[in-house]
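Because the structure is a prediction, the values reported are computed rather than measured.
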There are 2 protein chains.
Amino acid sequence: MAQQPANPLAEQVYIRIKDEIFDFHLLPGDRFTETDLSLRLGVSRTPVRDALYRLRREGYLEVGYRSGWSVVPFDFERFDELYDLRIMLEETAIERLCQVEGEQPLAGLKAVWLVAEDQRETDSHKMATLDEAFHCTLVEAAGNREMLRVHRELTEKIRIIRRLDFLKDNRISATYDEHAKILRLILRRKSTEAAILLRSHITQSKSEVRKITLHMLHEARGAMQRGSEMASAR
Amino acid sequence: MAQQPANPLAEQVYIRIKDEIFDFHLLPGDRFTETDLSLRLGVSRTPVRDALYRLRREGYLEVGYRSGWSVVPFDFERFDELYDLRIMLEETAIERLCQVEGEQPLAGLKAVWLVAEDQRETDSHKMATLDEAFHCTLVEAAGNREMLRVHRELTEKIRIIRRLDFLKDNRISATYDEHAKILRLILRRKSTEAAILLRSHITQSKSEVRKITLHMLHEARGAMQRGSEMASAR
DNA sequence: GAATTCTTATTTGTATGCAAGTTTGTATTT
DNA sequence: AAATACAAACTTGCATACAAATAAGAATTC
């Protein structure tokens, strides 16, 4: 039986706000209050505060002393550093996987990524999930749970921009090709070549994503301003 | 001017509980309630809860659904993995520092570690602080703030056992010798040698600390039981 | 008309009240 | 005597009330 989450309401609120941030419904710089949220979500301030403080610790929000909450702006330098850390973790994982004697625990990845072209996933959202799972599984297979934990936190933090990578079809097929190559190299214990390919794969994805994000932000800000103009016209 | 912390009371409670855990006043497995704490510290349950949930997210405490709080037991496998991650981060930092053109930002470390024997620190507590600062500065000098953040979190998590390393005098002088060697190698751009020495330096410290921790736990448990016997004698 | 001061409304930090669920001790039964 | 059923006390999750501090706006002064 599934154990009940610790604070059900706080957890729901946490997920709700995070989704709104990820969906660009709450934009960087937007301000709001605890009472706003508790009224809008129909719960009291207590679980709202729990969720907000959690999101603050994770770097999504900031709170002014008795002056309200706001969404922290995007910091692309920070994303660059997160991607850099990610590369380091995954390169280490690859090195260790290539040193494993006997069978590597990568059967699941083979079934997903070493498939015929007509078996490939085409949905952008599912593709984003598969991509995360690929890289996460590499780190998991290396066996250090703390590295896995850090990698998961990091994956969570870059997801907001990373998933935009699969809006273009050619990026989906490129990802399939590169994952297949990396996976084959690891299976053949070609540690160095795999690491080099991984680095360029991630770096490429990073620069693609950056372009799209700037575009999305521009769009969302435009829609917001048009929306607020309509709102203020009443 | 220093900005006021977000939740002053919750922050104080957080520090207080953490100190009690670190000082083995609260032992792994100990149970307590929110009301206990709020009475003992003279504040209401709200800031107490904020602090407890923060400590839970950081892995020090766990809460049962309406059945109280408890201190999570030591997990030496987890400490091993944290030390492993730490080595990886610091090795990467050394590699990058050795690739820096021109002056490396390590002047502060030279002033502390490349000194005559009679200039060396002897106090165990100060030594623990200096040791943390040495390794932290290496990572900081490498320039990636996310790696630094992870390293700091990790440093915080292993501090509870790591600081026990300096209770023996010979460990202090060994640390001085090894830090000096590592630092000189980095300044001479001997990346590989520095990394090897660093790994053995950290591994050595880890095994020393493990022995002492088991001893301390034994002692503390004994004192606790003697204490509770006295308490129950009234 | 611009700057400044004072007032008022807003906002978070903290304390407390209440309800649902768990644990523990006791009494009853086999 | 052991096991089980039951009840009372306890504990957390959530809601609400209150206080201190801030921000915004109005009134006043120069």
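- Rounding to whole angstrom units, CG of residue B/Leu9 and C1' of D/dA19 are separated by 13 Å.
- Using a 30° and 60° split on the angle between ring planes, A/His201 and A/His135 fall in the parallel class, below 30°.
- Between B/Trp69 and the phosphate of D/dT11, there is no side-chain N or O to OP1/OP2 separation shorter than 4.0 Å.
- Summarising the geometry, the separation between CG on A/Leu39 and C1' on D/dT16 is reported as 13 Å, rounded to the nearest angstrom.
- Side-chain N/O atoms of B/Tyr65 include none lying less than 4.0 angstrom from OP1 or OP2 on C/dA20.
- The side chain of A/Arg45 places no N or O atom within less than 4.0 Å of a non-bridging phosphate oxygen (OP1 or OP2) of C/dT12.
- Spacing between atom CD of B/Gln12 and atom P of C/dG13 amounts to 15 Å, rounded to whole angstrom units.
- The aromatic rings of B/Phe134 and B/His179 lie parallel to each other, with less than 30° between the two planes, well short of the 60° mark.
- Straight-line distance from the CG atom of A/Asn7 to the P atom of D/dT11: 18 Å, rounded to whole Å.
- Counted by atom type alone, B/His25 and B/Asp19 present zero donor-acceptor pairs between their side chains at under 3.5 Å.
- If you measure from atom CZ of A/Arg49 to atom P of D/dT16, you get 16 Å, rounded to the nearest angstrom.
- Judged by atom type and distance alone, A/Arg66 reaches the base of C/dT12 through a side-chain donor-acceptor pair under 3.5 Å.
- Nearest to the side chain of A/Ser67, among C/dG13, D/dC14, D/dT22, sits D/dT22.
- OP1 or OP2 of D/dC14 has not a single side-chain nitrogen or oxygen of A/Thr46 nearer than 4.0 Å.
- Summary of the strand contacts: A/Glu34 and B/Gly42 both lie near DNA chain C, and taking for each the nucleotide with the nearest heavy atom, the more 5' one is attributed to A/Glu34.
- For the pair A/Arg54 and A/Tyr14, the cation sits on the ring face: its NZ or CZ lies under 6.0 Å from the ring centre, inside 45° of the axis.
- In this structure, A/Pro47 and B/Thr35 both approach DNA chain D, and ranking their closest nucleotides by distance from the 5' end singles out B/Thr35.
- The only member of A/Asp80, A/Asp165, A/Asp84 that meets salt bridge (charged side-chain N to carboxylate O under 4.0 Å, His left out) when paired with A/Lys206 is A/Asp80.
- In this structure, A/Tyr53 atom OH and C/dT12 atom P are separated by 9 Å, rounded to whole Å.
- Distance CG (A/Asp50) to C1' (C/dT12): 14 Å, rounded to an integer number of Å.
- Atom CZ of A/Arg31 and atom P of D/dT22 are 14 Å apart (whole Å).
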